[in-house]
> 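Quick one: this structure, given as structure tokens, is what I'll be asking you about.
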Amino acid sequence: QVQLVESGGGSVQAGVSLRLSCTASGDTSRVTLGWFRQAPGKEREGVAAYAYDGSTSYVDSVKGRFTISKDTAKNTLFLQMNSLKPEDTAMYYCAAERVLGTIIKIMTPHYWGQGTQVTVSS
């Protein structure tokens with residue numbers, strides 16, 4: 001089992017930055033971690049993934065603005081979000097798939113956090 005707890009969401013103005021954190025616990029060996037988001041009335045979409053080997057992948061809409069990273073010693077995943085836009089407004093979820101490497105486009109999580117809300121106003 002893997003437990004995931006997100007933090008760092010909030011309400012901000014467009015153009016500013018936020019950093020989300022996800023603390024993972026349990027059997028986190030050999031998992032790919034990622035961030036997903038779901039806006040009201042829309043399907044959940046993958047935002048970024050951090051594979052076991054350290055490789056990263058992003059959905060096109062956040063490339064160049066968001067950066068996913070991991071503090072391995074603290075088992076914490078981060079999502080640095082810069083130049084936020086109103087369309088980034090969503091509930092953001094941390095997720096884990098028990099696979100050594102995958103990309104966000106095809107990531108199919110086995111575990112989910114409870115989510116943290118990000119609201120960006122214009």
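All residue numbers in this chain count up from 1 along the given sequence.
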> In sequence, state the C-alpha distance, the side-chain angles, and the governing distance for R65 and K85, and then conclude on side chain to side chain contact (heavy atoms under 4.5 Å, CB included).
CA-CA 10 Å; R65 298 189 299 122; K85 303 176 180 180; 3.8 Å; yes

> Can you list the steps and then say if D88 with M81 is a side chain to side chain contact (heavy atoms under 4.5 Å, CB included)?
CA-CA 9 Å; D88 294 318; M81 306 185 293; over 6 Å; no

> Keeping E6 on the side-chain end and G115 on the backbone end, is there a donor-acceptor pair under 3.5 Å?
yes

> Evaluate the criterion side chain to side chain contact (heavy atoms under 4.5 Å, CB included) for residue pair Y58 and T67; output intermediate values, then yes/no.
CA-CA 8 Å; Y58 299 88; T67 302; 3.9 Å; yes

> Mind running side chain to side chain contact (heavy atoms under 4.5 Å, CB included) on V2 and L4 for me, showing each step along the way?
CA-CA 7 Å; V2 176; L4 305 166; 3.7 Å; yes

> Are F36 and W112 an aromatic pair by the rule of ring centers under 6.0 Å?
yes

> Using modelled atom types only, decide if a donor and an acceptor are shared between the side chain of T32 and the backbone of V99 within a distance under 3.5 Å.
yes

> Listing request: all salt bridge (Lys or Arg N to Asp or Glu O under 4.0 Å) pairs with a residue in residues 90-107, at least two apart in sequence or in separate chains.
D27-R98

> Name the orientation class of the two ring planes belonging to F66 and Y92 (parallel below 30°, tilted from 30 to 60°, perpendicular beyond 60°).
tilted

> If you define the side chain from C-beta out and look only at heavy atoms, does anything of K70 sit under 4.5 Å from L33?
yes

> Would you be so kind as to tabulate the donor-acceptor pairs closer than 3.5 Å made by side chains of residues 12-25, with sequence neighbours excluded?
from : atom 1 : to  : atom 2 : distance (Å)
S17  : OG     : N82 : OD1    : 2.8
S25  : OG     : Q3  : OE1    : 3.4

> Are the side chains of R37 and Y93 in touch, meaning some heavy atoms are under 4.5 Å apart?
no

